[in-house]
2 protein chains.
Amino acid sequence: MQSDGPIPRLEETPGGCCGGGSAPGLPLERATDLSESLQVLGHPIRLQILDILARRGGEVCVCDLEAALPVKQPTVSHHLRILREAGLVGAERRGQWAHYYVCPDALSAVETEIRAWFQSVG
Amino acid sequence: MQSDGPIPRLEETPGGCCGGGSAPGLPLERATDLSESLQVLGHPIRLQILDILARRGGEVCVCDLEAALPVKQPTVSHHLRILREAGLVGAERRGQWAHYYVCPDALSAVETEIRAWFQSVG
DNA sequence: ACCACGTATTGACATTCATCGATATTGCGC
DNA sequence: GCGCAATATCGATGAATGTCAATACGTGGT
């Protein structure tokens, strides 16, 4: 990596060209954590699912979601699972229907996370 | 969908099982647009890049970013291109160095977009 | 002109993701 | 029990993504 070059040089500023060393204000761990939240939201179907669930204050069954979305039922279930595993929605089986609802706490936790990042950047 | 069955019935709700028809409060187009913004932010390296650029108010050259990030130079350039194409950062070539900086307007536009969505959902 | 350096791009590769048909699972009514 | 309806899971497939070595490009120094 640096042993084969015939020019050892002397390293001045660690950055090398334009200023101070780059202290990682955002540790990789926190960046990864936040990016995972953003990725869960980063799909149009999942945004629409959350929108529908929120717009109906109550619970919505999968068949209704399927009817409102441009994807087939397995795909709806797939996205619901992702949202569920992220804690953003919950489900309750009632009869043969599964009723989904948003988890406002988790959602506002993500909102807080995102807002804090924007504040630290902007 | 409703013309061949001999039983029009009273269940005219498209959903069929648990309530009202699902009006798509979020049109797919807007959901896609927002999800693209979220996806740009949904990567730890890109979050760290934006963080570094913001933390140093001024401009940062690629070699400094490379030194501060756990990826190689082509990967840094790759993520910078994505951020540039999203309008979140700008670049200025000075000598042989490329200096990058955040575009606060674009960033706060995304923030507004995201915040508006959270408001419509939460 | 040449060479060294910083950056961008290309090409290949591996990994992850989204989608859907097919199938399994579960609960309800008969 | 049997069959049907709603949902979940499996498996395959194609697309998108992230990473890096190699290479190309552009600039400055000698």
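FYI, side chains are in, hydrogens and waters are out, and symmetry mates aren't considered; it's all heavy atoms of this structure. First the proteins, then the strands, lettered A, B, ... as listed; each starts at 1.
- Counting to the nearest Å, the P atom of D/dT23 and the CD atom of B/Q73 are 15 Å from each other.
- Using a 4.0 Å cut-off on heavy atoms, the residues of residues 77-96 of chain B that approach DNA chain C are B/S77, B/R81, B/R93, B/Q96, listed by number.
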Check the pair A/E59, A/R94 against salt bridge (Lys or Arg N to Asp or Glu O under 4.0 Å), reporting the backbone distance first and the verdict last.
CA-CA 11 Å; A/E59 305 170 332; A/R94 205 148 35 169; 2.4 Å; yes
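- Proximity of A/H43 to the phosphate of C/dT16: no side-chain N or O atom is located under 4.0 Å from OP1 or OP2.
- Taking atom CD on B/Q39 and atom C1' on D/dA16, their separation rounds to 9 Å, with Å as the unit.
- Side-chain contact between B/I114 and B/S37 is absent, with no heavy atoms from C-beta onward closer than 4.5 Å.
- Rounded to whole Å, the distance from CD1 on A/I49 to P on D/dT7 is 13 Å.
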Under the side chain to side chain contact (heavy atoms under 4.5 Å, CB included) criterion, do B/L83 and B/L53 qualify, and how do the steps go?
CA-CA 12 Å; B/L83 291 169; B/L53 294 184; 5.9 Å; no
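- Here the C1' atom of nucleotide C/dA18 and the CZ atom of A/R46 are 9 Å apart, to the nearest Å.
- The side chain of A/V62 lies closest to D/dA8 when the candidates are D/dA6, D/dT19, D/dA8.
- What separates CD of A/E59 from P of D/dA6 is a distance of 18 Å, to the nearest Å.
- In plain terms, the two heavy atoms of A/A31 and A/L26 that are nearest each other are CB-CD1, 3.7 Å.
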Walk me through it: do A/V62 and A/Y100 pass the test side chain to side chain contact (heavy atoms under 4.5 Å, CB included)?
CA-CA 8 Å; A/V62 179; A/Y100 280 81; 3.7 Å; yes
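- For D/dA6, the OP1/OP2 oxygens have no side-chain nitrogen or oxygen of A/Y100 closer than 4.0 Å.
- Separating the CG atom of A/L65 from the P atom of D/dA8 is a distance of 10 Å, rounded to the nearest angstrom.
- Residues B/T75 and A/V71 each lie close to DNA chain C; by heavy-atom proximity, the contact nearer the 5' end of the strand is made by B/T75.
- The closest side-chain heavy-atom distance from B/I45 to B/Q48 is below 4.5 Å.
- Taking atom CH2 of A/W97 as the reference point, atom C1' of C/dT25 lies 17 Å away to the nearest angstrom.
- Going from atom NZ of B/K72 over to atom P of C/dT7 covers 16 Å, rounded to whole Å.
- For the pair A/Q39/A/S35, a side-chain contact is recorded, criterion being any heavy-atom separation below 4.5 Å from C-beta on.
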